[in-house]
Amino acid sequence: RAQASLSEVSKLNPYVKVSVDTTNLSNLTPQELSAWVKPFTCVLVVDASWQLRRLLNIACRSQSIGYIDAAVKGVFGQAFVDLGDSFTVLDKDGEEPKEAQLQFLSQSNPAVVNCIQGIRHELETGDWVKFREMGPRNCSPLNTDKIYPITVTGPFSFTVPIDTSSMPVEHLTGGTAVQVKQPVPMKFLSLSESEQTPVFADLDLSKPDAAANIHAAWHALEAFGSQLPEIWNASEADKFIALAKSKLQSTPSNDALLRVFSYTCRGFFQPMAAFLGGLVGQEVIKAVTGKFTPLNQWLYYDMREVVP
C-alpha cells in the first residue's frame, strides 16, 4: 500500500521528499529500533500495537527524538505526543506580538499599567512586555529594551514589578506596552508513564468523562486478546466493558460509550481518519519548528453520534 501510494503522496508537496521503507518494525530488537529512528527529528506512529509504540517511544526518548502516535478504531480517534523531558516552545501561539496603548502608569510598587479607556490589552498573566514612546518626547526612562513579567488585573489593566513611586508623573503617561515572546519550556512524560497518569486535552467540553473512558477502552483492547470484539456482538461487548472498567481509575464508567466502542472498533471511520490526520500533521510541524504549543499529551475524540 505504501509503495502504491508513493507517487500520489509525492504530488501533494513537490518540496517534500517522500520515500518508502518497508522494514517490519515489529521484528526489530530494541537496539535495531534505536538505530532505525536515529536519522529522524520526529517519528509519527499510526495504528501500531501498544507493544511497538512503547518500544519506539523508548527509542525516541533515548535520542531526544519527538514521538507522536495516532490511531482510529471505529468512530473513535486517539493521538499522543511526547517531545521529551526538555522541549522548548519558541512561539506559543504563532501570533504577532500584542501591543497595548497606555493611558498612564500609577506611582506605586508594583506599578499598575492602565490602558486607554475602552481598549483591551489582550495580554495574559505571565506574558512579558517592554515599554516604548512613554512620556513627552519619549523621555521616560522606561523606554528601554528591558522586559517585565505582567500580572493581569482586568481587561484594561495589569501590574509590572517596577517601583514608580518616585518617578515624575509625566514619565508615566502615554506610550505602548509591547509583548515580548519568551521561550516556554515543556516536559513530557514517556508513553508508559503517561498511560498510568494521563493528561487529556479537553476537545469536547460536552463530554467531560469521554476521554478517560476511551483511554480505558483503548487499553482494554490490549487485554481482550489477539482479535478485536466482534461487530455488534453483545456478549463480547459485555466482556469488553468489564475489562475497560477494570482500567478506569476514579472516573465513572460510561457503559453506553464503551459498548459503542466494542461494537465499532473493527471498523475504520474515514472522517475520523481525515480529522486526526490533519491534527497530528500539525503536531509534527510543532515538534520540528518549536512554533505553537504542542498537545499535552493525550487527545481522544469520538463521533459516536453517527452510530444508530
Side-chain angles (χ1 to χ4, degrees), residues 1-73 77-90 186-199 215 218-219 221-223 225-228 265 268 272-274 276-292 294-300:
R1 184 174 66 175
Q3 191 64 53
S5 304
L6 178 61
S7 61
E8 297 302 316
V9 171
S10 300
K11 296 175 184 177
L12 295 175
N13 189 337
Y15 298 102
V16 175
K17 180 181 178 181
V18 182
S19 59
V20 171
D21 183 340
T22 56
T23 303
N24 187 339
L25 301 182
S26 298
N27 293 335
L28 300 185
T29 65
Q31 293 75 19
E32 290 170 332
L33 276 177
S34 293
W36 187 86
V37 303
K38 188 174 182 178
F40 304 114
T41 304
C42 181
V43 173
L44 171 59
V45 183
V46 178
D47 280 328
S49 67
W50 282 113
Q51 181 181 7
L52 179 57
R53 292 190 207 185
R54 294 176 188 123
L55 290 173
L56 281 168
N57 181 246
I58 292 170
C60 288
R61 285 183 68 87
S62 68
Q63 301 174 82
S64 299
I65 297 169
Y67 172 88
I68 301 171
D69 71 38
V72 174
K73 297 294 183 188
Q78 169 258 313
F80 173 78
V81 174
D82 172 16
L83 303 183
D85 290 326
S86 56
F87 181 77
T88 301
V89 180
L90 302 177
M186 291 186 69
K187 181 178 181 179
F188 295 82
L189 296 177
S190 69
L191 178 58
S192 295
E193 292 173 309
S194 190
E195 285 181 82
Q196 304 304 316
T197 56
V199 176
H215 184 76
W218 228 284
H219 286 80
L221 289 179
E222 184 179 25
S226 58
Q227 298 292 324
L228 298 177
C265 63
F268 190 89
M272 176 62 79
L276 209 59
L279 186 144
V280 295
Q282 292 177 356
E283 294 304 315
V284 171
I285 293 173
K286 295 175 188 178
V288 300
T289 65
K291 193 170 184 179
F292 299 97
L295 177 67
N296 184 28
Q297 283 190 263
W298 292 94
L299 181 140
Y300 288 105

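For the single chain, residues carry numbers from 1 onward in sequence order. Given the structure is predicted, the values throughout are model-derived calculations rather than measurements. Quick note: numbers below take in every heavy atom, side chains included, and nothing from hydrogens, waters or symmetry partners.
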| remark: Heavy-atom nearest pair, Leu276 first then Ala70, reads CD2-CB, 4.0 Å
| query | If every non-hydrogen atom of Arg61 is compared with every non-hydrogen atom of Gly84, which pair is closest and at what distance? | reply | NH1-CA, 3.9 Å
| query | Do any N or O atoms from the side chain of Asp82 and from the backbone of Gln297 form a donor-acceptor pair under 3.5 angstrom? | reply | no
| query | Which value, rounded to the nearest 0.5 Å, describes the distance between Met272 atom CE and Lys73 atom NZ? | reply | 13.5 Å
| Could you state the interatomic distance from CG (Leu44) to CG (Asp69), rounded to the nearest 0.5 Å? | 8.0 Å
| field | Heavy-atom pair of closest approach, residues Pro198 and His215 | value | CG-NE2, 3.9 Å
| remark: Closest heavy-atom pair, Asp47 versus Val72, reported as atoms and distance to 0.1 Å, is OD1-N, 3.1 Å
| task | Start with the C-alpha distance between Tyr67 and Phe188, add both sets of side-chain angles, then the distance that settles side chain to side chain contact (heavy atoms under 4.5 Å, CB included), and finish with yes or no. | result | CA-CA 10 Å; Tyr67 172 88; Phe188 295 82; over 6 Å; no
| Shortest non-hydrogen contact between Val18 and Val9, atoms and distance | CG1-CG1, 4.2 Å
| said: Ignoring hydrogens, what is the shortest heavy-atom contact between Leu191 and Asn57? Give both atom names and the distance. | reply: N-OD1, 2.9 Å
| said: side chain to side chain contact (heavy atoms under 4.5 Å, CB included), that's the test. Do Glu195 and Leu189 meet it? Break it down for me. | reply: CA-CA 9 Å; Glu195 285 181 82; Leu189 296 177; over 6 Å; no
| message | Determine whether Met186 and Leu83 satisfy the following criterion, side chain to side chain contact (heavy atoms under 4.5 Å, CB included), listing intermediate values before the conclusion. | response | CA-CA 8 Å; Met186 291 186 69; Leu83 303 183; over 6 Å; no
| query | Could you state the interatomic distance from CD1 (Ile58) to CZ (Arg53), rounded to the nearest 0.5 Å? | reply | 14.0 Å
| query | What residues, two or more places apart in sequence or in another chain, satisfy salt bridge (charged side-chain N to carboxylate O under 4.0 Å, His left out) together with Lys11? | reply | Glu8
| message | Can you tell me how far apart OG (Ser19) and CD (Gln3) are? Round to the nearest 0.5 Å. | response | 10.0 Å
| In terms of side-chain geometry, is the basic nitrogen of Arg54 or Glu222 positioned less than 4.0 Å from the acidic oxygen of its partner? | yes
| task | Fit a plane to each ring of Trp298 and Phe80, take the angle between them on a 0 to 90° scale, and name the class: parallel (under 30°), tilted (30 to 60°) or perpendicular (over 60°). | result | tilted
| field | Trace of the side chain to side chain contact (heavy atoms under 4.5 Å, CB included) decision for Val89 with Lys286 | value | CA-CA 8 Å; Val89 180; Lys286 295 175 188 178; over 6 Å; no
| Considering residues at least two apart in sequence or located in another chain, which fulfil the side chain to side chain contact (heavy atoms under 4.5 Å, CB included) criterion with Asn24? | Ser26, Asn27
| query | Is Val45 close to Leu52 at the side-chain level, that is, under 4.5 Å between some pair of heavy atoms? | reply | no
| If you measure from CG on Leu28 to CG on Leu33, what distance do you get to the nearest 0.5 Å? | 5.0 Å
| Would a 4.5 Å heavy-atom cut-off, applied to side chains only, mark Cys265 and Leu221 as touching? | yes
